[in-house]
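Please read the structure below before turning to the comments.
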Amino acid sequence: MPILAARAQSHGGVVLRWPAPVEELGAGQATIIQDTQGRIIRFIADDLRHTDREDRPDHPIRLAHAVRNSGNVAVALSFYEQAFDFRLSDRTGIMAFIRIACEGWGDHHSIALADADNDCLNHIAFVMPTVEAVMRGGGRMKDAGYPIEWGPGRHGPGDNAFNYFVGPADFVIEYTAEVEQISESYIARGPADWKWPTGRVDQWGISQLPSARLRRAQRAIVFDGQYLEYR
């Protein structure tokens with residue numbers, strides 16, 4: 001973790017907190033870094049993991065990825081590659097999908113950088129056990145007062161099924177499953193490789209466009225230098 005912080009600092013990042021114990025639920029050691037465009041990242045090691053409950057198959061298993069808006073994706077991508085050794089998986093016309101470098105196989109992306117006129121948090125995604133769980137989780141969220149704002153559908157890059165919601169405090173939440181597993185031999189594709197037929201916004205061709213409420217929420221959570229705050 002100290003090496004990670006030092007690398008970030010050497011490439012223009014700001015270390016807001018060097019490795020220190022996490023005091024809230026989950027424990028572990030946390031390092032907090034501000035990237036070159038003002039977004040905050042917290043890296044946690046040696047944290048405690050909850051025990052999966054087989055009687056709640058419609059609940060998330062773990063964090064899948066976070067998407068961050070960027071006024072200049074090329075600059076952001078360069079920082080994440082140099083400071084944290086992330087690798088570009090795919091680049092569409094609106095988003096760069098990056099993954100943690102690792103031996104063997106891993107998720108297609110852990111972070112995505114979305115082309116935008118702001119540097120806000122776009123959304124946070126959680127892995128569900130199955131596509132069935134994505135759908136049943138959507139029903140559970142709807143019953144709790146959080147209707148599906150985009151989906152159901154299946155993305156192109158990552159090949160993952162999805163439902164999106166505007167959750168508590170207006171954070172955008174994605175439930176996803178079947179995220180593509182790739183290795184270091186994966187060849188990144190560009191915008192020309194990721195084009196849908198007219199009228200489609202997902203592989204299946206059944207999803208409508210994201211709701212206006214979702215689009216507003218995707219640019220409402222800003223970073224104030226220490227914490228997330230609501231715009």
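Here the structure is a predicted model, which means the values were calculated and not measured.
Salt-bridge formation is not detected for the pair Arg87/Glu81: no Lys NZ or Arg NE/NH1/NH2 atom is positioned less than 4.0 Å from an Asp or Glu carboxylate oxygen. Electrostatic pairing of Asp193 and Lys195 does not count as a salt bridge here, judged by no charged N lying under 4.0 Å from a carboxylate O. One finds a salt bridge joining Glu178 and Arg154 here, because a Lys/Arg side-chain nitrogen approaches an Asp/Glu carboxylate oxygen to under 4.0 Å. Remark: Arg42 engages Glu24 in a salt bridge, criterion side-chain N to carboxylate O under 4.0 Å. Arg219 has a carboxylate O that lies under 4.0 Å from a charged side-chain N of Asp117, or vice versa, which qualifies the two as a salt bridge.
The nearest pair of heavy atoms linking Val131 to Ala161 is CG2-CB, 3.9 Å. Minimum heavy-atom separation, Ser70 to Asp119: CA-OD1, 3.3 Å. Nearest heavy-atom pair across Gly153 and Ser207 is CA-CB, 4.3 Å. Nearest heavy atom pair, residue Asp115 against residue Met95, reads OD2-N, 3.4 Å. Of all the heavy atoms in Ala30 and Arg17, the pair that sits closest is O-NE, 4.1 Å. Residue Thr36 comes nearest to Gly13 through the heavy atom pair CG2-N, 4.2 Å, listed as atom of the first residue, atom of the second, then distance.
Once rounded to the nearest 0.5 Å, the distance linking CZ of Arg39 with CD1 of Ile111 reads 9.0 Å. Separating the OH atom in Tyr175 from the NE2 atom in His59 is a distance of 6.5 Å, to the nearest 0.5 Å. In this structure, OH on Tyr164 lies 7.5 Å from CD on Gln218, to the nearest 0.5 angstrom. Separation of atoms CD1 (Ile182) and CG (Asp159) is listed at 11.5 Å; rounding is to 0.5 Å. Once rounded to the nearest 0.5 Å, the distance linking CZ of Phe165 with NZ of Lys142 reads 11.0 Å. Remark: Asp85 CG to Tyr80 OH distance equals 14.5 Å, nearest 0.5 Å.
For CD1 of Ile94, the number of neighbouring non-hydrogen atoms (other residues, nucleotides, ligands) closer than 6.0 Å is 12 at most. With a 6.0 Å radius and a threshold of 12 heavy atoms from other residues, nucleotides or ligands, Gln181 has its CD atom above the threshold. Atom CZ of Arg7 has more than 12 heavy atoms from other residues, nucleotides or ligands within 6.0 Å.
A donor-acceptor distance shorter than 3.5 angstrom exists from the side chain of Arg200 to the backbone of Gln203, with no hydrogens or angles considered.
Side-chain atoms of Asn122 and Asn69 include a donor-acceptor pair closer than 3.5 Å. Inspection of the Arg99 and Ser89 side chains reveals an N or O donor paired with an N or O acceptor under 3.5 Å. A donor and an acceptor atom, one from each side chain of Gln37 and Asn72, are nowhere located under 3.5 Å apart.
Side-chain contact between Ile173 and Ile124 is absent, with no heavy atoms from C-beta onward closer than 4.5 Å. Looking at Val134 and Pro152, their side chains never come closer than 4.5 Å, going by heavy atoms from C-beta outward. Considering only heavy atoms from C-beta on, Phe43 comes within 4.5 Å of Ile33 through its side chain. Within the 4.5 Å cutoff, the side chain of Ile98 has heavy atoms near those of the Leu77 side chain. With contacts defined as side-chain heavy-atom distances shorter than 4.5 Å, the pair Ile221/Phe171 qualifies. Two residues are said to be in side-chain contact when any heavy atoms from C-beta on lie closer than 4.5 Å; Thr92 and Pro191 fail this criterion. Contact annotation: the side chain of Met135 approaches that of Asn163 to within less than 4.5 Å [non-hydrogen atoms, C-beta and beyond]. When side chains are defined from C-beta on, Gln82 counts as touching Ser78, because their heavy atoms get closer than 4.5 Å.
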Show the numbers, then the answer: is there a side-chain contact (heavy atoms from CB on, under 4.5 Å) between Arg62 and Phe126?
CA-CA 6 Å; Arg62 61 174 173 84; Phe126 295 94; over 6 Å; no

Derivation of the ring pair (Phe, Tyr, Trp, His ring centres under 6.0 Å) call for His123 and His65
CA-CA 9 Å; His123 73 268; His65 60 262; 5.5 Å; yes

What do the steps show when you test Asp90 against His109 for side chain to side chain donor-acceptor pair (under 3.5 Å), and what is the final call?
CA-CA 9 Å; Asp90 282 302; His109 56 283; over 6 Å; no

For a side-chain contact (heavy atoms from CB on, under 4.5 Å) check, start with the C-alpha distance between Arg213 and Asp170, then their side-chain angles and the critical distance, and finish with the verdict.
CA-CA 9 Å; Arg213 184 182 179 216; Asp170 288 342; 4.0 Å; yes

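Residues Val201 and Val166 fall within the same hydrophobic cluster, defined by Ile, Leu, Val, Met, Phe, Trp and Tyr side chains chained together at heavy-atom separations under 4.5 Å. Under a hydrophobic clustering in which Ile, Leu, Val, Met, Phe, Trp and Tyr are joined whenever their side-chain heavy atoms come within less than 4.5 Å, directly or via other members, Met141 and Leu63 fall into the same cluster. Cluster annotation: Ile100 and Ile41 are assigned to the same hydrophobic cluster (Ile/Leu/Val/Met/Phe/Trp/Tyr, side-chain heavy-atom contacts under 4.5 Å, transitive). In this structure, Trp18 is not a member of the same hydrophobic cluster as Ile40, with clusters built from ILVMFWY side-chain heavy atoms closer than 4.5 Å. Clustering ILVMFWY residues whenever any of their side-chain heavy atoms sit less than 4.5 angstrom apart, transitively, puts Phe86 in the very cluster that holds Leu88.
Checking Trp194, Trp204, Trp150, Trp196 one by one against His155, the ring pair (Phe, Tyr, Trp, His ring centres under 6.0 Å) holds for a single residue, Trp150.
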